[in-house]
Protein chains: 2
Amino acid sequence: MEVKPDVGACDGPVAVHAREILGRVGDKWSLYVIAHLGTETKRFTELKKEIEGISQRMLTVTLRGLERDGLVSRTVYPVMPPRVDYALTPLGRTLLDAVGTLVTWVETHLGEVIESRARYDARAREEAALAAR
Amino acid sequence: MEVKPDVGACDGPVAVHAREILGRVGDKWSLYVIAHLGTETKRFTELKKEIEGISQRMLTVTLRGLERDGLVSRTVYPVMPPRVDYALTPLGRTLLDAVGTLVTWVETHLGEVIESRARYDARAREEAALAAR
DNA sequence: CTGTATCCGTACTGATACTG
DNA sequence: CAGTATCAGTACGGATACAG
């Protein structure tokens, strides 16, 4: 796929709003929620269990944001105990490709990034030691 | 492309570190810097001018982070006035696809997201007004 | 079960001023 | 030109308690 090297270089409406959208998609949890939902329908507690480390609050906040943006649908069943289903909307499902690409990239190149960090930090420590003299 | 619906569902090392990597890639500015660099080499000020709204500090911080992760190379020319060139490394260039997919998605679906937000907010206001009685 | 409300520490951010 | 240093405001994120 061809990459557009000049996102936002033009100052049209797209550039103006692009950041807040990426802010949603790129925030700490949204990508995880989207990836975990995939094409399935899941309940609140299912997501909570599967997405390791997310707090109840953050899951709620993230789901609300995604719902507001039309990426996730929320279905409440008025039963006791309550039951709420979440699923990607058609719009949300169009994001799966992009998310999948990113996730695959991370899985593929994670090792290289970690090694690069280690090298960088080692070099930084050396230079700091040198400068101390 | 096939999406893996269960990122992090397994609790291996990938799941452990995936978030910090996505944290780098998905932070407020990294995607912009990567997209703007593309396959070109650019100077600090060029990037500063092209990426609307970024502060000098944040551009520095972002570039340092990307350099640490091995995604961006930094070349200093010891001349007066100083000149520093930035470019994507081969590793960084492998990210262009993923970034491009996301950027394209945003450009394509931005309108739908904004409309959805407007609808959601309008509905929320109605319900708030109803509840006030 | 699926939330909401609140508190509180921290990390991020931008503005500003200064340097080689 | 290309940074670094500092500081103050804010938004975020987690823990906890409580409710429908």
Tabulate protein N/O versus nucleotide N/O from nucleotides 4-6 of chain C, keeping only pairs under 3.5 Å, one per line.
from	atom 1	to	atom 2	distance (Å)
C:dT4	OP1	A:R64	NH2	2.9

Results of side chain to side chain contact (heavy atoms under 4.5 Å, CB included) for A:A87 - residues two or more places apart only: A:T41, A:S73

Ring geometry between A:W105 and A:H109 (parallel below 30°, tilted from 30 to 60°, perpendicular above 60°): tilted

Short side-chain N/O contact from B:R83 to OP1 or OP2 of D:dA2, under 4.0 Å: no

Partners passing side chain to side chain donor-acceptor pair (under 3.5 Å) against A:R64 (at least two apart in sequence or in another chain): none

For B:R83, salt bridge (charged side-chain N to carboxylate O under 4.0 Å, His left out) partners two or more places apart: B:D85

For A:R57, side chain to side chain contact (heavy atoms under 4.5 Å, CB included) partners two or more places apart: A:S55, A:V61

A:E115: side chain to side chain contact (heavy atoms under 4.5 Å, CB included) partners, not counting sequence neighbours: A:R119

Whichever of A:S55 and B:V84 has its nearest DNA chain D nucleotide further upstream toward 5': B:V84

Between P of C:dG3 and CZ of A:R43, the distance in whole Å: 10 Å

Candidate nucleotides C:dG14, D:dG20, D:dC1, ranked by approach to the side chain of A:P82 - the nearest: D:dG20

Interatomic distance, A:I51 CD1 vs D:dG14 C1' [rounded to whole Å]: 16 Å

Phosphate OP1/OP2 of D:dC1 contacted by B:Y86 side-chain N/O (<4.0 Å): no

